[in-house]
Protein chains: 2
Amino acid sequence: MGCKITAFQEEQKKRMRSVQDAMDALNGKWKIAIISSICCYGKRRFSDILNDVEGVSNRMLSKELKELETNQLIKRTILDTQPISVQYELTAHGNTLQNIISSLSDWGIVHRKKIIGK
Amino acid sequence: MGCKITAFQEEQKKRMRSVQDAMDALNGKWKIAIISSICCYGKRRFSDILNDVEGVSNRMLSKELKELETNQLIKRTILDTQPISVQYELTAHGNTLQNIISSLSDWGIVHRKKIIGK
DNA sequence: CTGAATCCAGATGGATACTG
DNA sequence: CAGTATCCATCTGGATTCAG
């Protein structure tokens with residue numbers, strides 16, 4: 001079993017893993033909205049994002065921001081203000097998401113029309 | 001509050017919703033693998049996919065297939081065999097996912113190199 | 001063979017209160 | 001302001017069993 005097609009199957013596995021890596025980086029209830037907010041304004045403070053993203057709690061915002069930072073999609077800067085404020089911006093790597101997000105958005109629009117109606 | 005930028009904000013909201021629609025359609029632990037399996041072979045039976053997708057249980061396979069069918073990404077056909085067998089294939093709409101999946105895969109490869117190392 | 005039903009553990013996310 | 005800590009409800013997915 002699995003002789004000639006093994007190499008092909010390995011390719012498939014890698015492909016699936018890559019897609020999953022991408023999905024994981026984008027997953028979580030608020031990540032897309034958070035990225036949009038930051039991307040939109042260039043630089044954005046914690047409390048700004050908290051207002052931009054309708055419905056998110058500070059707990060979840062903090063959590064998702066941390067994950068985005070771990071994935072090097074955003075950069076966190078503590079500003080020397082009184083009281084303290086923290087600024088977030090997309091990294092170069094985070095900016096490469098824009099193509100993906102555009103593709104997903106385009107497909108999502110078609111998909112919604114197809115499934116829900118219009 | 002929110003006067004001139006309202007239209008812009010509305011655009012943003014739509015965009016975010018579209019991305020989310022796309023993510024929802026692709027989400028779930030096994031969907032990518034299931035789509036890959038079906039896509040790969042063109043037509044595939046339940047038990048074939050169960051073997052292709054390493055680790056999936058029949059419960060989850062059934063569930064994810066149903067969601068994919070609800071989203072009109074795959075077509076389900078009952079074959080008149082004894083015992084009964086069921087064939088799955090991508091719909092035209094499901095095939096339009098290939099671009100998205102390619103984009104995600106490409107980005108995922110870069111992302112993995114960036115984050116994990118290589 | 002192709003599922004559906006049940007049970008159960010762990011992950012996810014909301015509400016609230018608290019800290020530096 | 002920018003989080004952290006705690007508690008709790010819901011969701012997700014695995015194992016197993018049952019059914020057409």
[X] [atom1] - [N] [atom2] separation (whole Å):
X: B:Met60; N: D:dT16; atom1: CE; atom2: C1'; value: 15 Å
X: B:Arg44; N: C:dC1; atom1: CZ; atom2: C1'; value: 15 Å
X: B:Ile34; N: C:dG3; atom1: CD1; atom2: P; value: 12 Å
X: B:Lys63; N: D:dC11; atom1: NZ; atom2: P; value: 11 Å
X: A:Phe46; N: D:dT4; atom1: CZ; atom2: C1'; value: 10 Å
X: B:Glu54; N: D:dG13; atom1: CD; atom2: C1'; value: 18 Å
X: B:Gln87; N: C:dT2; atom1: CD; atom2: C1'; value: 14 Å
X: B:Leu50; N: C:dT2; atom1: CG; atom2: P; value: 9 Å

- Is there a residue in residues 13-27 of chain A whose heavy atoms reach under 4.0 Å of DNA chain C, and which residues are they?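 Residues of residues 13-27 of chain A under 4.0 Å from DNA chain C: none.
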
Checklist entry - Listed in order of residue number, which residues of residues 65-83 of chain A have a non-hydrogen atom at under 4.0 Å from DNA chain C? => result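 Residues of residues 65-83 of chain A under 4.0 Å from DNA chain C: none.
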
Problem set entry | ring-ring contact (aromatic ring centres under 6.0 Å, His included) contacts in which one or both residues fall within residues 54-77 of chain A, not counting sequence neighbours |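 Counting only pairs at least two positions apart or across chains, no ring-ring contact (aromatic ring centres under 6.0 Å, His included) contact touches residues 54-77 of chain A.
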
Between [X] and [N], does any side-chain N or O lie under 4.0 Å from OP1 or OP2?
X: B:Trp30; N: D:dG14; result: yes
X: A:Tyr88; N: D:dC1; result: no
X: A:Ser62; N: D:dA2; result: no
X: B:Lys29; N: D:dG14; result: yes

Can you pull out every salt bridge (Lys or Arg N to Asp or Glu O under 4.0 Å) where at least one residue sits in [range]? Sequence neighbours excluded, please.
range: residues 68-80 of chain A; value: A:Lys75-A:Glu89
range: residues 17-26 of chain A; value: A:Asp21-B:Arg112
range: residues 55-64 of chain B; value: B:Lys31-B:Glu64

Problem - Residues which pass ring pair (Phe, Tyr, Trp, His ring centres under 6.0 Å) with B:Trp107, listed by chain and number, not counting sequence neighbours - result: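 Counting only residues at least two positions away or on another chain, B:Trp107 forms a ring pair (Phe, Tyr, Trp, His ring centres under 6.0 Å) with A:His93, B:His111.
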
Counterpart residues, salt bridge (charged side-chain N to carboxylate O under 4.0 Å, His left out), relative to [X] (two or more places apart):
X: A:Lys66; value: none
X: A:Lys14; value: none
X: A:Arg45; value: A:Asp48

Would you mind reporting whether [Y] and [X] have side-chain heavy atoms less than 4.5 Å apart?
X: A:Leu73; Y: A:Leu97; value: yes
X: A:Ile34; Y: A:Tyr88; value: no
X: A:Ile49; Y: A:Leu61; value: yes
X: A:Val110; Y: A:Lys113; value: no

Distances for protein N/O vs nucleotides 15-20 of chain C N/O pairs under 3.5 angstrom?
from	atom 1	to	atom 2	distance (Å)
C:dA15	N6	A:Arg59	NE	3.3

Item to check | Global bending angle along the helix from C:dC1-D:dG20 to C:dG20-D:dC1, which compares the axes of five pairs at either end, to 10 degrees | outcome: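 Between the axes fitted at each end of the helix from C:dC1-D:dG20 to C:dG20-D:dC1 lies an angle of 40°.
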
ask   = Should B:Met23 and A:Leu68 be regarded as members of a common hydrophobic cluster, given that ILVMFWY residues are connected when their side-chain heavy atoms come within less than 4.5 Å of each other, either directly or indirectly?
value =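 Linked within one cluster.
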
query = Honestly curious: do B:Ile109 and B:Ile100 fall in one hydrophobic cluster under the side-chain, below-4.5 Å linking rule?
reply =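 Not linked; separate clusters.
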
